[in-house]
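What follows is a single structure, written as structure tokens, with notes after it.
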Amino acid sequence: MSHDRGRDDGVDLRAVDEDGYAAWTRACHRGFLRSAITDEDLALSPSVLEMIPGRVLGAYDGDRCVGTFRTFSRELTVPGGGLLTACAVSSVTVAATHRRRGLLGRMMARELPAARDRGEAVAILIAAEYPIYGRFGFGPATWTTEWTVDVPRTGLGRYEPPRGGRVDLAEAAEVRAAGPALHDRFRRSVPGAISRDARWWQVNTGEIQPPIRQWKDPFYALYRDASGRVDGLLVYTVEDIWEGKLPQCPLTVRHALAATPEAERALWHYALSVDWTAKLHTGLRPPDDVLPLLLGDPRAAQVTTHGDYMWLRVLDVPAALRARSYGTTGSLVLQIHDEAGIAGGRYELNASTEPGASEVRTTTRDADLAMDVRELGALYLGDESAVRLATLGRIEELTPGAAARADLLTRTSRRPWCPDMF
């Protein structure tokens, strides 16, 4: 077990081994304000959470765990379909009794350089609160939106089987069998999507019961094309609510993915045609989801949630910039400031429209744009605009027109999206 005392405040950092998982898990749950955790939950946590020796970190005041931090590797899809190894950061907590002591900063300072040394070119996380992670170089790289649909106003009419394909109700075992291959096809076309392991499918189909979460068996629907290939998956629950003799049942989508436009349209039409459904809650979707435009009246879909979702921190600028493709060819010199000293420098990008084919090198040429590494994280997947950030004063445009040129290079036709919580 390695130690890092840091400043002399009586708290040291330790890499947690199997003997310390139970105390670490209790501290993590306290940090997320979950007070009820059983011994059975504690025993199950290592099989639900990806707890990798050397990548589970705790902050300890004596024998008491007062901070938690965990990382694992995931493949991240970048614009153009390239895959980049990312360090996924999760289970980040600091006890309320130990705030404002720099514990999160110490955990970040220990783990982010280690991630770069492992060859992980970026770090990613889901931010519980907006103001926390920008000071560690993370920028909001994807956003998410949820709609509530007034089903009678959609104007879709009754469900009819799609031409050339079919929607079938399925069992959890079928989803575990067909889901991984479907998701692998889906994620390679969606910048911001990340890989899933077998554990994800076990937990999200109820084969492994997650601690704390009350599991309710959902309905599963699969879309198959004319050849029988599974091209789409819909997972949903329905509440049994009636007012008088009138059904007012809300349908909530837990998960939806489609590898083809035909599958996407068919599954939404099916979901909006389920008997007795008055409202449909879409779950978290990409901000430019096509669902509202599938409806006869797009106003039937009202936004109920919209916000930042996956944050990204570049650790290796050349590797990250080379991995993705760009909207056109061209060159750009970026001056990146990184207070942590991990990714700072001046880099010349000669962009290609093919992933992995761009040239990136350090340079002494005059910079076109200057920015903090957190702004690079916001721009990297193509969601944010360099022109917008320059207007806000968060990017310095040193060459006239460079921000607009950066947008032509980096922005994507569909907004990046991360479907997964981690």
Side-chain angles (χ1 to χ4, degrees), residues 76 78-79 86 89 104-105 108 112 121-146 191-192 284-289 303 305-317 320-321 324 326-328 330-349 351 360 363 365-418:
L76 171 71
V78 300
V89 177
L104 177 54
M108 286 285 186
L112 294 182
V122 299
I124 54 175
L125 54 80
I126 308 298
E129 296 182 77
Y130 193 99
I132 296 174
Y133 292 101
R135 66 183 187 270
F136 304 115
F138 289 83
T142 76
W143 290 65
T144 193
T145 305
E146 182 172 16
L284 297 178
R285 302 291 302 164
D288 59 349
D289 198 281
V303 172
T305 302
H306 176 74
D308 56 284
Y309 196 65
M310 187 181 77
W311 290 54
L312 185 146
R313 206 263 196 227
V314 177
L315 302 173
D316 184 334
V317 174
L321 294 182
R324 58 159 294 173
Y326 297 88
T328 185
S331 65
L332 204 62
V333 177
L334 305 176
Q335 178 68 51
I336 306 299
H337 173 69
D338 186 353
E339 187 175 346
I342 299 172
R346 187 174 299 176
Y347 303 93
E348 180 180 358
L349 165 67
V360 185
T363 184
R365 288 183 53 198
D366 291 342
D368 297 311
L369 296 172
M371 68 189 78
D372 191 89
V373 69
R374 65 177 174 266
E375 270 62 65
L376 182 61
L379 292 170
Y380 178 66
L381 292 178
D383 195 54
E384 189 51 86
S385 159
V387 170
R388 279 211 327 168
L389 294 181
T391 301
L392 292 167
R394 290 163 55 184
I395 285 181
E396 185 179 3
E397 188 176 52
L398 303 172
T399 300
R405 185 152 39 101
D407 283 349
L408 287 174
L409 291 172
T410 61
R411 304 210 75 184
T412 55
S413 56
R414 292 290 300 271
R415 296 182 69 174
W417 178 47
C418 179

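Annotation: salt bridge (Lys or Arg N to Asp or Glu O under 4.0 Å) contacts involving residues 378-394, sequence neighbours excluded, comprise Glu375-Arg394, Asp383-Arg415, Glu384-Arg388. For residues 330-341, the set of pairs meeting the side-chain hydrogen bond (donor to acceptor under 3.5 Å, both in side chains) definition, not counting sequence neighbours, comprises Arg313-Asp338, Gln335-Arg346.
A pairwise comparison of heavy atoms in Ala403 and Ala390 identifies CB-CB, 4.4 Å as the closest pair. In terms of heavy-atom proximity, Val373 sits nearest to Val314 at CG2-O, 3.7 Å. Summarising the geometry of Leu125 relative to Met108, their closest heavy-atom pair is CD2-CE, 4.2 Å, with the distance given to 0.1 Å. The heavy-atom pair separating Leu312 from Ala141 by the smallest distance is CB-CB, 3.7 Å. When every heavy atom of Gly105 is checked against every heavy atom of Phe136, the shortest pair comes out as CA-CE2, 3.5 Å. Contact between Pro287 and His306 at its shortest, heavy atoms only, is CB-CE1, 4.1 Å.
Judged as a side-chain hydrogen bond (donor to acceptor under 3.5 Å, both in side chains), and not counting sequence neighbours, Trp417 has no contacts. In this view, Glu397 satisfies the salt bridge (Lys or Arg N to Asp or Glu O under 4.0 Å) rule with no residue, not counting sequence neighbours. In this structure Arg285 satisfies the salt bridge (Lys or Arg N to Asp or Glu O under 4.0 Å) test together with Glu264, Asp289, sequence neighbours excluded. For Arg414, the side-chain hydrogen bond (donor to acceptor under 3.5 Å, both in side chains) test picks out Asp288, with sequence neighbours left out.
For Tyr133 (side chain) and Pro140 (main-chain N/O), no donor-acceptor pair under 3.5 Å exists by modelled atom type. Side-chain N or O atoms of Tyr347 include one that pairs as donor or acceptor with a backbone N or O of Gly344 at under 3.5 Å.
In this structure, the separation between CG on Asp368 and CD1 on Ile395 is 12.0 Å, given to the nearest 0.5 Å. The OG1 atom of Thr142 lies 14.0 Å from the OH atom of Tyr380; values are rounded to the nearest 0.5 Å. Between the CG atom in Leu349 and the OG1 atom in Thr410 there is a gap of 10.0 Å [rounded to 0.5 Å]. Distance check, rounded to the nearest 0.5 Å: CD1 of Ile126 to SG of Cys418 gives 5.0 Å. The CG atom of Leu398 lies 8.5 Å from the CG atom of Asp366; values are rounded to the nearest 0.5 Å. From Asp407, atom CG reaches atom CG of Leu379 across 7.5 Å, with rounding to the nearest 0.5 Å.
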Steps toward side chain to side chain contact (heavy atoms under 4.5 Å, CB included) verdict (Leu409, Thr328): CA-CA 6 Å; Leu409 291 172; Thr328 185; 3.8 Å; yes
Side chain to side chain contact (heavy atoms under 4.5 Å, CB included) between Leu334 and Leu321, intermediate numbers included: CA-CA 11 Å; Leu334 305 176; Leu321 294 182; 4.3 Å; yes
Leu104/Ile132 under side chain to side chain contact (heavy atoms under 4.5 Å, CB included): CA gap, chis, key distance, verdict: CA-CA 10 Å; Leu104 177 54; Ile132 296 174; 3.8 Å; yes
Stepwise side chain to side chain contact (heavy atoms under 4.5 Å, CB included) test for Val78 and Leu381: CA-CA 6 Å; Val78 300; Leu381 292 178; 4.3 Å; yes
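Classification of the Trp143-Tyr130 ring pair by plane angle, with boundaries at 30° and 60°, yields tilted.
Proximity of Ile336 to Met371: side-chain heavy atoms (C-beta onward) are separated by under 4.5 Å at one or more points.
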